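Computed from a predicted structure; not experimentally measured. The sequence lines fix the lettering, A, B, ..., with proteins before strands; numbering per chain opens at 1.
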Amino acid sequence: MRLQRQGETLAGQPWPVDAAAFPGWDGTVAGAFALQAQLAESLLLRDDFRTPLRRIAGVDVGFEDEGRTTRAAAVLLDADTLQPLTEVIARRATTMPYVPGLLSFRELPAVVAALSALPQVPDLVVCDGQGIAHPRRLGIAAHVGIATGLPTLGAAKKRLVGVHDAVGPQRSDRTPLLDARSQEPIGWVLRSKDGCNPLIVSPGHRVSLATSVELVLRWTRRYRLPEPTRLADRLASRRGGSASPQHSLL
DNA sequence: GCGACAG
DNA sequence: ATCTTGTCGC
């Protein structure tokens, strides 16, 4: 990789801009950083969702054609039984490369398309990735929340930023994820299953720090990932599992 | 300058 | 994320 001047991207040129999804973005890294910081100011970090929750959704992304096509899967499930009600898939041409910290610029368009294809609006959305546990507090879960207005939270398999103590070995054991500089809490490191690596949980939009972990724990059954994200992950990654409604659109 | 770095 | 077999452990 070669040098990079101000206003340019890693490839030396601005990326194609999706005006609808990223209003005002100039396609540069600097512009993306500024947009993230600005959007993060609109995040509501208090519980502001329908109770009791009835239908929740899980979203995840996979790729086809050696990465040329982005495939987003959204699964709507009953908030109590966690049984899948509907599954949809949306495809979009991939426009951006993966850049740590800019994941939403690559996956958001397809994710929003998939959520829009659901027959009913979910009360809360679980995303595969960070919420506010991000350099500028706008991980994909937070961005999806701002873009759709829906309550969201992120359940990531790995840490992007933040520091934390060791986590206990038992399911439900957790430790706060803190901003390395301010020491402010930005999420949790949660042992969702015995013997498995912990999850990094953080609120996205309209969900509090305290509630984000409780919900992820409540929605995690016999696997490491919470059901919403686990099911969406299976769909997006072209894997199967058990029988369930397959309302594929697109 | 040297690592770290969601999916 | 994706390419992929076997293998160790609950």
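No side-chain donor from either of A/T220 and A/S192 sits under 3.5 Å from a side-chain acceptor of the other. Side-chain polar atoms of A/D233 and A/T229 form no donor-acceptor pair below 3.5 angstrom.
At the heavy-atom level, A/I140 lies under 4.0 Å from base atoms of the strands shown. Using a 4.0 Å heavy-atom criterion, one finds that A/D194 contacts no nucleic acid atom at all. At the heavy-atom level, A/F63 lies under 4.0 Å from the strands shown only through sugar-phosphate atoms. Across all strands shown, A/G101 has heavy atoms under 4.0 Å from base atoms, whether or not it also approaches the sugar-phosphate. Using a 4.0 Å heavy-atom distance criterion, A/G195 is classed as making no nucleic acid contact. Note on A/L102: a base of the nucleic acid sits closer than 4.0 angstrom, heavy atoms only.
A straight line from CG of A/L160 to C1' of B/dC5 spans 6 Å, rounded to a whole angstrom. Going from atom CZ of A/R136 over to atom C1' of B/dA6 covers 12 Å, rounded to whole Å. In this structure, CZ of A/R71 is placed 17 Å from P of B/dG7, rounded to the nearest angstrom. As a whole-Å value, the separation of A/H164 NE2 from B/dA6 C1' is 14 Å. A straight line from CD of A/E66 to C1' of C/dT2 spans 11 Å, rounded to a whole angstrom. Remark: C1' of C/dT2 and CG of A/D60 are 13 Å apart, rounded to the nearest angstrom. Summarising the geometry, the separation between CZ on A/R171 and C1' on C/dC10 is reported as 16 Å, rounded to the nearest angstrom. Following rounding to the nearest Å, A/L108 (CG) and C/dA1 (P) show an atom-to-atom distance of 18 Å.
Between A/Y98 and B/dG7, a base-stacking contact is recorded: ring centres under 5.5 Å apart, planes less than 30° from parallel.
With respect to A/D18 and A/R92, no salt bridge is recorded, no charged nitrogen being found less than 4.0 Å from a carboxylate O. Between A/E214 and A/R174, at least one side-chain N (NZ, or NE/NH1/NH2) sits under 4.0 Å from a carboxylate O, which counts as a salt bridge.
Aromatic pair A/H143/A/F22: centroids less than 6.0 angstrom apart.
Within the 4.0 Å cut-off from OP1 or OP2 of B/dA4, not a single side-chain nitrogen or oxygen of A/K158 is found. Using a 4.0 Å cut-off, some side-chain N or O of A/R159 falls inside it from OP1 or OP2 of B/dC5.
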